[in-house]
Every structure is written in structure tokens, then in C-alpha cells.
Amino acid sequence: MLPRELFRPKSVAVVGASRNPGKVGYGIFANLVGAGFPGPIYAVNPAGGEVLGRPMLRSLDEIPGPVDLGVLVVSPSAVVEALPRLAARGMKAAIVISAGFKETGKVGAMLERSLRAAVAETGIRALGPNCLGLIDTHARLNASFAAGTPPAGSIAFFSQSGALCTAILDWAIGEGVGFSKFISLGNKADISESDVMEHLSDDPETRVILGYVESIDDGARFLAAAREVTPKKPVILVKAGATAAGARAASSHTGSLAGSDRAYAAAFRQGGILRAKTVEDLFDLALGFATQPTPAGERLLIVTNAGGPGILAADTAERLGVTLAEVVPDLRQRLVKILPPTAAIGNPVDVVGDARADRYRDVLAVVRDAPSVDSVLVLLTPQAMTEATETARAVVEAFSGASKTVLASFMGEVSVREARKVLSAGGIPNYPVPERAVRALRAMHRYRRLRQAGAAGAENPPPADEAAAAAAIRAALAAGRRTMGEEDSRAVLEAYGFVFPRHAFARTSSEAAGAFDAVGGPAVMKIVSPDILHKTDVGGVRLNLASPDEAALAFVEITSSVRRKAPSAWISGVSVQEMVTGGRELILGMSRDPQFGPLLMFGLGGISVEVLKDVSFRVAPVSRGDALEMVREIRSYPLLAAFRGSEPMDEDAIVDALVRLSRLSLDFPEIQELDINPVMVLPRGKGLRAIDCRMAIAEAIR
Amino acid sequence: MNLYVASTTENSGKTLLVLGLAKIWAGRGVSVGYVKPLGKTPVVEDGGVVDEDAAFLAGELKLPGPPEATCPVVITQDLVISAYRGEATGLRDRVGRAIAQASARSDVLLLGGAANLRDGIFLGLSPLDIITGYDCKVLLVDRFRGETSMDQVLWAARVLGDRLLGVVLNRIDPAQDVFVRDMVRPFFESRGIRTYGALVSDPLLNSVSVGALAAALPATVEWGEDRLDTMIERFCVGAMDVESALRVFRRIPRKAVVTGGSRADIQLAALETDTRCLVLTGGISPNDIILHKAEEKGVPVLVCRDDTMMTVERFEKLVGRHQIRESAKIARAVGLVSAHVDAAGILASLQGGGRRPSG
């Protein structure tokens with residue numbers, strides 16, 4: 001938990017305050033004074049003198065009273081020195097503005113370690129270093145060197161980039177968008193995005209949490225925090241470095257390896273975080289969440305004075321999966337009474353170009369009370385008869401105190417400028433184009449569903465023979481191996497409940513014939529070689545073997561082909577396996593993400609994974625609910641359901657397998673990577689058969 | 001008693017075996033000598049040309065006398081030209097003197113053979129002539145490669161006849177271990193060829209030290225002067241995207257990663273996994289943040305001027321040689337030979353005057 005004093009101090013000391021307006025130490029002091037902080041603000045600078053008519057204290061010892069919050073703008077080594085002394089004066093929280101830490105290299109990194117040690121020793125919580133500072137509008141605290149203070153409101157924003165903070169702050173001031181808190185995280189030596197999210201979840205002045213993140217250091221902690229916070233209020237994040245180029249830039253910038261974007265996407269999803277792709281998106285969503293209630297249902301009604309924008313809005317709604325409300329007979333009858341015969345009563349409701357404010361007012365009054373509508377989008381294009389400003393007032397009045405979600409898109413610029421101000425003042429979010437309004441609404445729907453789904457109850461872990469798996473992995477590691485092929489990894493997976501087809505090993509063609517008898521037909525034969533990764537490429541696989549003679553011949557063919565195509569490969573022999581038919585090919589996998597840990601993958605085998613990349617990801621642990629989502633999320637999911645007379649596949653067994661895989665990857669940090677490819681899923685009730693598998697292993701710190 | 005240690009190909013493990021046997025026997029009070037009749041790795045030391053390999057063994061085994069007492073003939077460019085002109089005479093005498101001297105003061109004299117039984121004929125130093133001329137028994141070291149090995153060993157057995165004491169199979173892939181035990185050894189046994197040992201390929205012996213790597217590339221040590229004895233078993237090239245790089249890096253332990261100096265992302269991925277050395281190419285030093293990370297993890301950083309491809313080529317040659325120089329490798333080599341090679345059996349067969357065990 002973050003100390004109350006970070007946001008609500010009774011007194012603040014600026015260590016390194018300056019009277020030179022060109023310096024950061026001046027900017028911060030001026031902001032603190034300018035924002036009207038009610039408590040004592042102490043300026044400390046060994047040079048003495050005055051700043052903004054207040055005396056500058058020459059040393060920390062001269063501070064006359066207790067200090068709740070320290071803002072440090074001195075050299076990194078001076079910061080490390082000052083912290084324990086301020087702690088001795090009762091300081092609970094510090095904001096370290098100073099740069100020159102980890103971001104500058106070796107010496108800086110050492111200083112940052114000292115900073116962390118000082119924080120740990122004193123129990124102080126510190127923001128930064130290398131940050132812009134912090135603003136709490138409701139406490140009239142502006143402990144930042146940003147240019148100005150935004151209006152008070154209900155949006156909280158945290159950012160790993162200080163520069164982005166200043167840009168957004170500037171925008172907020174210009175647009176009059178109200179913020180509750182602005183938090184620049186800097187290097188995150190102590191306070192992380194997870195701390196901030198947790199704190200904001202209980203902050204009564206914050207309705208929606210926004211953030212910009214480049215890298216998250218502790219993925220598991222972040223996911224836990226997100227799960228805690230998002231049921232209480234929406235969290236919308238922009239994650240930079242989503243592309244390879246972006247990630248590379250982030251790596252050299254922050255010195256930490258960006259995890260794969262799919263791990264972030266999976267973690268955000270599991271944590272209930274809404275992800276904005278752009279900063280514009282972030283604010284569009286924020287505006288909706290900050291000003292409007294989350295819709296009670298999914299039915300949107302569009303009210304417009306022009307056909308074109310109405311159609312665009314309807315198009316976007318359909319594309320994004322936002323349901324358009326049906327105009328039920330009762331609603332139609334009421335609308336018919338107040339609209340001219342030329343009006344089109346559908347969804348959108350077209351009130352026609354000559355609509356003045358009163359027609360909007362009448363229609364909105366009816367819509368507001370319609371039980372068949374959950375949210376309303378009011379569109380307006382400035383036409384000859386249009387009364388934009390008056391219409392804006394009508395919108396505000398119609399919905400003041402109503403529980404419906406309302407968004408507006410008053411299009412244009414000059415003629416709607418005044419109207420926009422009215423909407424903004426009245427708490428109605430306005431978007432320059434209808435598509436952006438619909439996108440914001442879609443996010444609100446998504447949040448509503450997330451919250452409804454709620455937290456899944458604790459589940460019993462699937463049963464597993466941990467000792468057997470441990471023995472197999474230990475043996476491989478002891479032999480100095482880093483990969484476990486099918487023969488070795490089978491034991492591990494069998495211990496975790498995976499079922500393999502019957503199989504037998506053969507070193508000669510006559511042994512192969514014997515193996516066929518043991519396994520039964522039809523059978524599959526595969527080359528066993530430590531040097532061959534892709535068996536089919538070297539003719540190392542034969543299907544549909546029906547007799548011992550065929551098996552013997554297949555042995556000769558396979559081993560001859562491998563000798564020809566991979567002369568340097570060592571041939572151990574072949575594996576004869578019962579052929580699994582009547583199912584569909586799947587791929588299950590796990591790789592370890594540097595930030596989030598085990599990342600599970602699911603997809604349908606063959607083309608859909610290799611060409612279409614139609615796969616889903618989740619961070620372990622996955623619940624049965626998560627696993628079911630993974631299965632249903634892929635585009636090829638219909639192939640698993642009953643189709644064209646074929647039986648539906650055993651979805652339960654897939655879910656079960658994913659949950660087992662999740663447990664396996666958490667039980668054994670030694671497993672770096674795991675592929676079960678292919679796995680056959682059989683019709684409902686018949687389970688799965690793992691056909692081939694491999695693992696990469698490493699000594700792990702447990 | 002003279003034991004000629006021969007091999008079927010280069011880098012089979014003759015030095016490993018000589019080193020191991022000599023140390024083990026010396027430990028049992030046997031005085032062991034060593035002569036390498038023909039040296040093929042010339043290196044200038046104190047103004048003279050010596051054989052690198054022989055000089056190393058002379059040092060390890062504390063052999064007396066000047067370098068030429070251990071390796072009487074070292075191939076140099078001058079020697080090769082004079083051989084073409086038919087002027088390379090007296091070589092056989094030099095070899096003879098060295099063998100006679102060493103033989104006089106040891107119970108067992110080990111003769112370090114050439115890469116195969118033909119090397120040296122051109123210089124008048126035919127391995128077979130030396131074996132018969134000095135009444136040697138032969139221990140054949142083979143780097144096991146399936147049927148190719150069978151052909152080589154059977155050919156050598158035919159040529160050597162009674163002089164072949166037996167074979168040691170070396171650098172066996174772990175996946176072939178059981179096969180060697182169940183198929184190969186019984187086969188040799190049935191042909192009267194005794195297998196004195198079978199050694200599975202050892203990651204440490206296959207490794208090179210960071211110091212050796214820096215000297216061979218050549219590269220400057222950006223950080224880690226005090227960690228030049230860190231051993232590298234394999235290397236990886238980081239030229240792909242980070243995710244693929246991580247996948248590959250995770251599978252390969254105790255490795256060096258070769259990548260461009262500007263690829264901060266790949267360098268971080270390497271440091272995230274079991275990497276023993278960063279080799280940065282293109283003459284570009286890493287940025288401060290990376291350097292600091294490497295220091296934190298104790299991973300030496302080398303910078304070389306060449307591009308990644310050339311660096312990799314040099315690297316491959318170095319790793320393929322399996323040179324034993326570092327103390328960790330020496331200790332491992334002796335340990336492996338004493339665990340997996342029947343040194344006492346070899347000595348007994350030698351002392352038995354060449355009597356071959358029956359069956």
C-alpha cells in the first residue's frame with residue numbers, strides 16, 4: 001500500500017529548490033505554490049536566499065517542522081544521502097525527480113541500487129527517480145515540473161514516460177478534461193504501476209484509471225493487482241513497444257527486455273484491463289468511462305439529424321459487435337407522435353435535417369424512458385435550421401440524473417464549438433466523429449461483461465504425479481541435456497494426465513513388424529533420431545500401416561530416406577504407434593515470457609497455426625474459464641463444434657489439458673518451453689491423444 | 001615398451017588419451033615418456049619453432065630436455081619446400097635419437113601419432129615404418145561416427161595385425177551410447193579387437209575459454225578481464241527477432257552469443273538466458289546499460305572488428321578442435337580417461353609382451 005502522505009501530505013519539502021526560473025527546482029516550487037497547496041512548503045537550497053517571496057533553508061536541519069512528503073531535485077548521490085535524514089524527520093514518501101540513475105548506465109545503476117537500499121531501510125516509499133513528479137488535483141498538490149495544473153476531475157493517469165505526461169497534461173488543460181491524479185513513474189526504482197493501480201482502486205476521487213507502460217518488471221504481481229482493481233473500476237492502458245521495432249527501441253531505452261506482445265495482450269485480458277492502441281483511443285475511452293455510467297445492457301440507439309453520419313455510426317456498431325436496439329412497437333408509437341412524417345423511425349432514428357432543439361428534446365425524453373434502450377448516441381451535423389448549442393443543452397437536460405449511457409458526436413468545428421462546451425460542462429462526452437464514440441461505447445460494453453463474468457472461484461488443481469515428472473526432468477538435466485524429445489518428455493506429460501497412443505520402439509524391420517503386432521493397426525511409423533527436428537521433411541513418417549509386412553517395408557523406406565536426405569543424422573530406430581483417427585489436430589504449447597512467466601498457447605494444427613497464426617494465449621495459471629476462452633477465441637473454433645454432420649469434438653478434454661499444462665509449467669520452472677504438436681482431439685467424451693511432444697529444459701532456481 | 005597412439009581422423013582425442021594415460025600410470029609409479037615424431041602445429045617460442053601440442057604435453061608431463069627431445073620434427077614451410085626438393089634428409093635419424101633417449105629413461109614410451117596412418121610418408125616418416133621400426137604396440141583412438149568408424153577401425157586392424165592393442169571410442173553422442181554398448185563393442189569383440197574404452201562426448205572438453213576465444217578471434221575484452229577462464233561450450237548467432245532468439249537461446253546452455261554491437265535487444269535476450277560470453281561484432285561497443293547488465297551477471301563482453309559471419313567462421317574452427325589447455329579441461333580429461341578407459345588393462349597388455357587376450 002502506498003502511504004497517504006504521497007498524495008495528501010500536510011507539509012512538503014522541496015530539496016534542491018531554485019530561484020532560477022530556468023531550473024526544475026524552481027518549476028516544482030512554483031507549481032506547489034501556484035496550485036494552492038494549503039500546508040507548509042519548505043524550500044531547501046544551501047545557497048539560501050528567497051524563492052517566490054519565501055525563504056530558502058540552507059540545510060535539512062533548518063526545516064522548522066515535520067515533513068510528510070519530500071520532493072528531491074538534487075544530484076543522485078545527494079538524494080541517497082538526504083533520504084535517511086528526511087526519514088528521521090518523519091517523512092513517509094518521497095518523489096525523486098532527479099535524473100542520472102539507471103537510465104545513464106553503470107554508475108547510475110549503482111546509485112539506483114543505493115536509492116533502493118535507502119528506501120528499504122527507512123521504510124519510505126519513493127516515486128521515480130527520473131520522473132516528472134505527481135499531481136493530486138483534489139488535494140491541490142502539484143509536485144511536478146509540468147507546465148500547469150489540469151482541472152480537477154475523476155480520471156487518474158500514470159505514465160512510464162514523463163514526456164508523454166507533459167503532452168497529455170497540456171491537452172487536458174486545453175480541453176478542460178478533469179483529472180484526479182497525474183503520476184509520473186520514472187525508473188520505478190520503488191513504486192511500480194502495480195502499486196499505483198492498487199492505490200487508485202480505493203481512491204474515491206478516481207473513476208477511471210489510465211496508464212502508459214513500456215515494460216512491466218513483475219508480471220505476476222501486475223496481473224494480481226489488475227485482477228484486484230478492474231472489478232472496482234476500469235483500467236485502460238496503452239502498452240508501447242507492441243511491434244518488433246517498438247520493442248527494440250524500448251529495450252535500448254529501458255535496459256529491460258520487453259516481453260512478447262502476446263504475453264502482454266494475454267495478461268491484460270486476464271487482468272480485465274482494456275487496452276487502447278493509441279493515445280487518442282486512451283482518451284476517447286477515458287472520456288466515456290469518466291463521465292457516463294457503464295451501460296446496463298448492450299442495446300444502442302442512435303439519434304441523428306442526417307442520414308450519412310447515422311449510417312456510419314450503425315456500420316461501426318455492427319463491425320465492432322455493438323448491438324443496435326430494436327425500435328419496439330411501444331417506442332415507435334411514441335416517436336411517431338412527435339416526429340414529422342418525413343422522419344425515418346428505425347435505428348438510427350433520423351429526426352431529419354430541419355430538426356431544431358425542441359424536436360431533439362422531445363425525442364430524447366421518449367428515448368430516455370424507453371426500457372428497450374440501454375445507451376444513446378446523439379449525432380448532430382450543423383445544417384441551416386440546426387440549433388447546435390440549444391440542442392446540446394437539450395441533451396444535457398434530458399439525461400441529467402438518468403441512468404442511461406449517453407454519448408454525443410456533434411460534428412464540425414465552428415458552429416458546434418459552443419455546443420461542445422455545453423456538453424462537456426454537462427458531463428456528456430463528445431466525439432469529433434461517430435466512429436470514435438461507438439468505439440468508446442464498445443469498450444464500456446466489454447468492461448461491463450468483464451465485471452459481470454466476475455472472479456472465478458478457486459479451483460482444485462488437476463491431479464498429477466509430480467514425483468514421476470520430477471524424476472524424468474532431473475535425469476535429463478543430470479545427463480546435461482537441454483532438450484527432451486518425444487521419448488523423454490512423454491513420461492513427464494503422462495505424469496500430468498496426458499494420454500499417448502500405444503507405441504513400441506523398433507531398431508530393425510523385423511522388430512518393426514513385431515512392434516506392429518504389439519500396437520495393432522492401423523499404425524503410424526516415425527523415425528527416432530536426436531538429429532532430426534522435422535521428421536516429415538526427411539521422409540521420416542509413414543501413416544496408415546495395416547500389416548506387419550507393411551510395417552517392415554515402411555521401416556526400410558523410412559530409414560533409407562533418412563540416410564539419403566540426412567546422411568549425418570544418427571538413426572536410433574523408429575517408433576510404431578497406434579494411429580489416431582476421427583479427430584482434429586491441435587497444438588498445445590508453453591513458452592516462458594521474461595515478465596509474465598509461463599505463456600500457454602492453443603491452436604488448431606496444420607494450416608491454421610502455421611499460415612493463419614490462428615492461436616490464443618494466456619498467462620499461467622489459467623482457470624477452466626480462461627481455458628475455455630482460449631479454445632473459443634480462435635477463428636477456427638467452429639471446426640471443433642459439430643459441423644456438416646460430424647460430431648462435436650471433446651472441448652472439455654481440451655480445457656482439462658490446458659489446465660494441466662498450466663499446472664505443469666508452474667510446478668516445473670525447469671521447463672522453458674513445451675510443445676505438444678500435434679495433439680488429436682477426439683469426439684466428445686473420448687478425450688485427447690498426444691501424438692508428438694518436445695521440451696526445452698534448464699536448471700531453474702526454485 | 002612403446003605404445004603408439006594413433007587415430008582415424010583429426011581431433012579424435014589422441015592428446016586427451018596420452019594425457020590421461022600418462023598421468024594415471026605415473027600415479028602408479030610407472031615412469032612414462034612421450035615423443036611426438038612429427039608435429040603439425042608449429043609455433044615460434046624463444047626464437048625456435050616448436051609443436052604447440054607437444055610443448056603442452058611436455059609441460060603437463062614435466063618431460064625433461066629441450067623441445068626437440070619431445071618433438072624432433074615440426075612441419076614448417078621451409079621443411080615442406082625442402083621435402084619437395086628432395087633435401088629433407090636426416091629426419092628419420094632425429095626421430096630415432098629422440099625415441100632412443102626417451103625410451104632409455106622410461107618404463108613406457110608413448111608415441112603421439114599423426115591424424116591417420118598415412119600422414120608423414122612424404123617426409124619419409126611413415127607411421128607404419130615408425131611402428132614397426134621401434135616395435136610399437138598401437139592404441140587406436142576413434143571419434144565414433146557409425147559405419148565410417150567401423151571401416152576405419154577394421155582397415156587399421158588389417159594393416160596393423162598383431163601390433164594393434166585395441167581401440168578407444170571417443171566423442172560418442174549421448175544418443176549413441178547404448179548402441180555402442182549393445183552393438184559396436186560386441187562386434188569388435190567378435191573380430192578380436194579389444195575396446196579399451198568408450199567416452200561419451202563431454203560438454204566441458206568441447207568447450208573453449210573466453211580467453212582463448214578472445215585471442216583467436218581476435219577480440220578486445222570490453223569487460224571481464226578477470227573471467228577469461230569462463231568456459232564456453234557452444235555458440236549462437238543472434239540475428240533474428242527477439243522472440244525467436246529467446247527460444248533458441250533457452251535451448252543452448254553455457255554458450256557465447258555472437259551478435260551485432262548495435263543489437264541491444266538480442267544482447268538483453270542473451271543475458272536473460274544461460275550465456276557465458278557476449279561477442280559483439282562490427283567493432284561496436286555495447287551501450288552502458290547493457291554493459292552494466294553484463295557486469296551484474298558476470299558475463300564477459302568481447303568486441304571484435306569483423307562482421308558476424310567472419311566471426312562465426314573463426315569460432316567454428318576453434319570449437320571443432322577440442323583443444324585441451326585450460327586447467328579445468330585437463331582435470332576433466334584425466335578424470336574421464338580414468339573413469340571410462342581401462343588404463344590398467346592397456347598397461348597389462350603392453351607388459352604381457354603383446355599377447356592378445358583371447359576372445
Side-chain angles (χ1 to χ4, degrees), chain A residues 102-110 112-113 241 243-245 247-263 476-477 479-485 487 507 528-531 563 567-573 591-595 671-673 675 694-699, chain B residues 144-148 172-180 182-183 200-204 206-207 223 233-234 240-255 260-275 285-296:
Chain A
K102 190 178 81 179
E103 78 283 0
T104 59
K106 188 177 160 186
V107 177
M110 263 148 43
E112 189 155 323
R113 262 205 299 273
T243 62
R248 203 172 299 167
S251 280
S252 23
H253 180 52
T254 61
S256 56
L257 191 62
S260 72
D261 193 59
R262 37 192 187 231
L477 282 172
R481 301 238 302 283
R482 288 305 161 114
T483 51
M484 291 172 76
E487 298 294 316
R507 210 147 51 178
V528 178
S529 161
D531 304 317
R563 269 175 186 275
S568 61
W570 176 256
I571 299 173
S572 302
S591 60
R592 239 162 245 281
D593 182 82
Q595 269 85 40
I671 305 175
Q672 299 295 299
E673 235 175 73
D675 271 313
R694 62 167 65 244
M695 289 180 192
I697 51 173
E699 297 286 354
Chain B
F144 186 69
R145 293 146 300 153
E147 298 96 284
T148 312
I172 300 166
D173 189 285
Q176 302 168 337
D177 195 24
V178 173
F179 185 82
V180 166
D182 292 353
M183 310 290 280
V200 172
S201 186
D202 183 74
L204 180 68
N206 297 352
S207 64
W223 182 81
E233 287 173 16
R234 291 182 62 182
M240 56 296 250
D241 63 281
V242 183
E243 258 182 77
S244 328
L246 262 181
R247 279 178 81 94
V248 175
F249 290 172
R250 281 200 184 111
R251 291 194 189 131
I252 303 173
R254 298 176 286 276
K255 65 188 169 295
S262 54
R263 290 296 302 271
D265 53 340
I266 297 285
Q267 294 158 20
L268 283 168
L271 292 172
E272 200 74 34
T273 62
D274 184 359
T275 297
S285 296
N287 76 36
D288 245 20
I289 296 176
I290 303 271
L291 201 58
H292 174 67
K293 274 244 154 125
E295 288 186 35
E296 261 185 351

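In this structure, chain A has no heavy atom under 4.5 Å from any part of B:D177. Residue contact with chain B, scored on non-hydrogen atoms closer than 4.5 Å, involves the backbone and the side chain of A:R592 alike. B:E233 does not touch chain A: none of its heavy atoms, backbone or side chain, sits under 4.5 Å away. At a 4.5 Å heavy-atom cutoff, the contact between A:R113 and chain B is made by side-chain atoms alone. In this structure, chain A has no heavy atom under 4.5 Å from any part of B:P174. Using a 4.5 Å cut-off between heavy atoms, A:S529 does not touch chain B at all. Of the two parts of B:Q267, neither the backbone nor the side chain holds a non-hydrogen atom closer than 4.5 Å to a non-hydrogen atom of chain A. Using a 4.5 Å cut-off between heavy atoms, B:F249 does not touch chain A at all.
Here the shortest heavy-atom pairing between A:S572 and B:A175 reads OG-O, 4.4 Å. Closest approach of A:T104 to B:D288, counting heavy atoms only: O-OD2, 3.5 Å.
In summary, A:D675 and B:R247 engage in a salt bridge, as defined by a charged side-chain N under 4.0 Å from a carboxylate O.
In this structure, NZ in A:K106 is found 14.5 Å from CD1 in B:I289, a value given to the nearest 0.5 Å.
Counting only heavy atoms from C-beta outward, the side chains of B:L246 and A:P594 approach each other to under 4.5 Å. Two residues are said to be in side-chain contact when any heavy atoms from C-beta on lie closer than 4.5 Å; A:R482 and B:D274 meet this criterion. Contact of the B:R250 side chain with the A:I697 side chain is not registered, since no non-hydrogen atoms from C-beta on lie closer than 4.5 Å. For the pair B:R251/A:E673, a side-chain contact is recorded, criterion being any heavy-atom separation below 4.5 Å from C-beta on.
Atom CZ of B:R145 sits in a crowded spot, with more than 12 heavy atoms from other residues, nucleotides or ligands closer than 6.0 Å.
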